[in-house]
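Hydrogens, waters and symmetry mates are skipped; everything else that's a heavy atom, side chains included, is used.
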Amino acid sequence: MPTITYHQPSGERTTLEVAEGATVMRTAVTNGVPGIVGECGGQAMCATCHVYVRGDVALPERSEDEDEMLDCTSSERTDASRLGCQIAVGGGLDSLEVDVPASQV
Amino acid sequence: MSIASHDTASTPLPHPSSAQDAAAEPGREAPIADWVTIEDLDRDPFPIYARMRAEAPVHWVPAINRYMVVGFDACHEVEQDADRFSADEEGSLMKRSMGHSMLRKDDPEHQIDRASYGSTLRPATIKNVWMEIFAKNHRTWMDHLLAAGPGADFVWDYAAPYTADNLRLIMGFHSATQEDMQRWSQTLINGTGNYADDPEVWAQAERSSAEVDAAIDEMIPYLLRHPDASLLSGLASMPIPMEAIRANLKMTIGGGLNEPRDVLATTVWALLNRPEQLAAVQADPSLWGAAFEESVRWVAPIGMYPRQVTQATVLDGIRLPAGAHLGIVLGAANRDASRWDNAEEYDLLRPKQAHLAFGGGQHFCAGTWIARAQVAQVSLPAVFAELPGLRLAPPEASVDKGWVFRGMTQMPVAW
Ligand code: HEM
Ligand code: FES
């Protein structure tokens with residue numbers, strides 16, 4: 001099964017086994033991983049599911065919607081910034097490791 | 001899903017909110033809040049919400065013939081689970097007043113309507129197009145307030161026309177005036193709340209509905225020739241039924257004007273009553289965003305919206321029958337003491353936390369960023385910069401009112 005690993009600012013780490021196609025946001029919210037809010041339910045509209053992706057993984061390009069929303073995040077945007085609702089594991093990508101930012105609102 | 005490895009003691013809990021769990025766990029009946037009256041809610045709902053929350057997260061309220069969901073966790077659970085809690089409410093007065101808009105549809109139908117709004121309300125368009133228009137409208141209506149002179153009403157001489165003019169251009173109603181927008185908004189909203197079935201209220205809502213239809217029919221050919229960034233311009237060339245376009249635009253007139261108006265006036269009122277907080281935000285302009293967010297948390301402009309239960313279920317320990325009509329009380333959820341210290345107080349310096357003022361899930365407010373931009377980025381800093389001596393004149397003349405929608409209804413000021 002694919003896995004998603006969340007690193008908290010405190011250093012705490014959580015690794016979850018997930019189904020193919022599970023998004024970083026939905027997985028965090030349904031498993032109570034702190035620091036990811038996902039208020040808009042995954043519509044790329046609220047910017048409260050911001051994460052920093054570790055390593056050089058093959059993720060789909062940021063859509064225009066994702067790109068402009070990343071300009072609205074509470075914690076600083078970096079080259080590693082993605083919306084957790086727009087990235088998923090599966091389809092050749094077996095694991096994802098992300099850093100959860102210090103704030104989402 | 002399972003937890004594969006975890007290197008600390010605090011194992012994340014699985015989310016308890018699924019229909020299966022609900023069936024397994026019987027729950028208890030909702031308490032009957034027969035002591036709640038509409039008059040009391042309208043004057044000041046917050047002590048009522050505090051008493052309700054202390055007793056149970058969900059109550060049956062005979063006065064409004066609905067369950068009221070008042071706990072933060074319970075409201076949040078409803079928002080994120082559209083399968084159990086449908087927005088397509090039977091007997092909805094909003095459908096009668098405005099037509100069947102996206103706000104009363106569930107996915108996948110809802111998604112088609114929502115996508116039809118394109119990028120008009122999104123951050124890039126706000127930055128490239130609307131910010132300049134907001135600044136211009138601020139100038140117009142600030143000059144109007146200045147001309148009205150001390151004793152003018154902050155709500156009716158500035159906040160209402162400013163937000164109405166903004167919405168008019170965002171929507172593409174070039175042939176209408178901001179007064180038209182205000183009248184349409186209020187009369188359509190009154191229809192949505194016409195539980196007393198007052199024929200005069202219906203007549204006014206129908207008149208506005210016909211006027212909006214006429215304005216849409218007038219603007220579409222014009223906008224096909226002169227496209228702009230507005231909603232109507234985008235919709236003019238969209239393969240989506242006219243009936244849906246009309247309903248969505250009427251709902252947006254109702255939902256895109258009063259709320260920014262109310263948060264603007266409420267924030268000014270809160271700050272004028274708390275000089276130390278006003279001084280803090282004036283010393284550090286990066287706090288305007290916090291002043292805005294704390295304001296919508298403290299007094300949610302949309303205090304309650306409806307949902308209907310699709311199957312017998314248990315919500316945060318309370319049993320609900322299939323078909324039950326719910327009021328999701330954001331005004332109460334946003335003051336839940338289990339989530340915020342000193343929740344009844346306005347404190348823009350409190351630790352930041354997500355609130356529910358913009359709803360959540362599928363129907364998360366499509367105008368969130370528009371509201372933030374026009375109020376927190378343009379208006380609030382400009383108002384206090386241009387009127388350094390702004391004060392309530394007199395403080396006791398200001399009136400805050402309402403519960404389904406709540407805001408300032410009167411706010412005389414001087415400077
Ligand atoms: C502070 C200001 C505002 C607040 C507090 C607010 C609040 C809300 C809430 C709570 C909902 C969800 C209601 C429900 O689920 O039944 C909503 C939906 C919506 N709002 Fe706002 N709103 C604000 C400003 C605006 C503005 C300025 C616009 C338009 C320019 C707008 C357009 C919409 C639309 C189109 C929806 C429907 C979304 C959908 O059904 O998918 N709102 N708003
Ligand atoms: S959940 Fe709202 S942007 Fe990702």
Side-chain angles (χ1 to χ4, degrees), chain A residues 1-8 10-23 25-49 63-75 85 89 94-95 100-105, chain B residues 1-18 76-77 79-82 107 110-111 114-115 117-119 121-128 289-290 293-294 296-297 350-370 372-373 377:
Chain A
M1 268 183 135
T3 60
I4 303 177
T5 302
Y6 300 86
H7 296 268
Q8 297 292 336
S10 63
E12 184 184 330
R13 179 169 62 104
T14 309
T15 297
L16 299 167
E17 275 189 359
V18 297
E20 288 265 320
T23 69
M25 183 281 282
R26 188 60 64 195
T27 302
V29 170
T30 49
N31 289 281
V33 176
I36 294 180
V37 181
E39 206 53 64
C40 76
Q43 302 186 73
M45 194 59 206
C46 69
T48 65
C49 62
S63 68
E64 235 174 90
D65 284 358
E66 180 178 352
D67 187 55
E68 63 176 333
M69 204 49 65
L70 285 170
D71 286 337
C72 303
T73 54
S74 161
S75 291
C85 64
V89 283
D94 280 339
S95 68
V100 176
S103 68
Q104 294 284 8
V105 293
Chain B
M1 256 175 254
S2 66
I3 295 166
S5 77
H6 193 252
D7 61 3
T8 74
S10 64
T11 306
L13 296 170
H15 212 57
S17 58
S18 76
H76 190 249
E77 186 174 333
E79 291 188 336
Q80 300 297 335
D81 192 346
D107 279 352
H110 159 266
Q111 182 49 36
R114 174 105 180 195
Y117 271 23
S119 58
L121 306 178
R122 300 189 60 100
T125 312
I126 293 172
K127 195 168 132 206
N128 298 332
E293 297 303 325
E294 174 62 354
V296 289
R297 180 202 69 82
R350 70 169 66 245
K352 287 201 248 172
Q353 273 223 82
H355 57 70
L356 297 184
F358 290 111
Q362 292 172 11
H363 297 279
F364 178 76
C365 177
T368 304
W369 301 96
I370 290 277
R372 287 177 174 149
Q377 287 177 252

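- In this structure, CD in A/Glu68 is found 10.0 Å from NZ in B/Lys127, a value given to the nearest 0.5 Å.
- For A/Ala28, no part lies under 4.5 angstrom from a heavy atom of chain B.
- Separation of atoms CD (B/Gln362) and CE (A/Met45) is listed at 15.0 Å; rounding is to 0.5 Å.
- The heavy-atom pair separating A/Cys46 from B/Trp369 by the smallest distance is O-CZ2, 3.7 Å.
- Heavy-atom distances place no part of A/Asp67 under 4.5 Å from chain B, backbone and side chain included.
- Counting heavy atoms from C-beta on, the side chains of B/Phe358 and A/Glu39 never come closer than 4.5 Å.
- No more than 12 heavy-atom neighbours from other residues, nucleotides or ligands sit within 6.0 angstrom of CD on A/Glu64.
- Checking side-chain atoms of B/Glu79 against main-chain N and O of A/Cys40 turns up no donor-acceptor pair under 3.5 Å.
- Ranking B/Gln80, B/Gln111, B/His363, B/Arg122 against chain A, the residue ahead of the rest is B/Arg122, based on heavy-atom pairs under 4.5 Å.
- Between A/Val37 and B/Ala354 the shortest heavy-atom distance is CG1-CB, 4.0 Å.
- Of the two parts of A/Ser74, only the side chain, counted from C-beta on, holds a non-hydrogen atom closer than 4.5 Å to a non-hydrogen atom of chain B.
- Chosen from B/Ser119, B/Ala366, B/Pro123, B/Cys365, the residue pairing most often with chain A at heavy-atom distances under 4.5 Å is B/Pro123.
- Checked against side chain to side chain contact (heavy atoms under 4.5 Å, CB included), A/Gln8 has the following partners two or more places apart in sequence or in another chain: A/Ser10, A/Glu12, A/Val33, A/Pro34, A/Val100.
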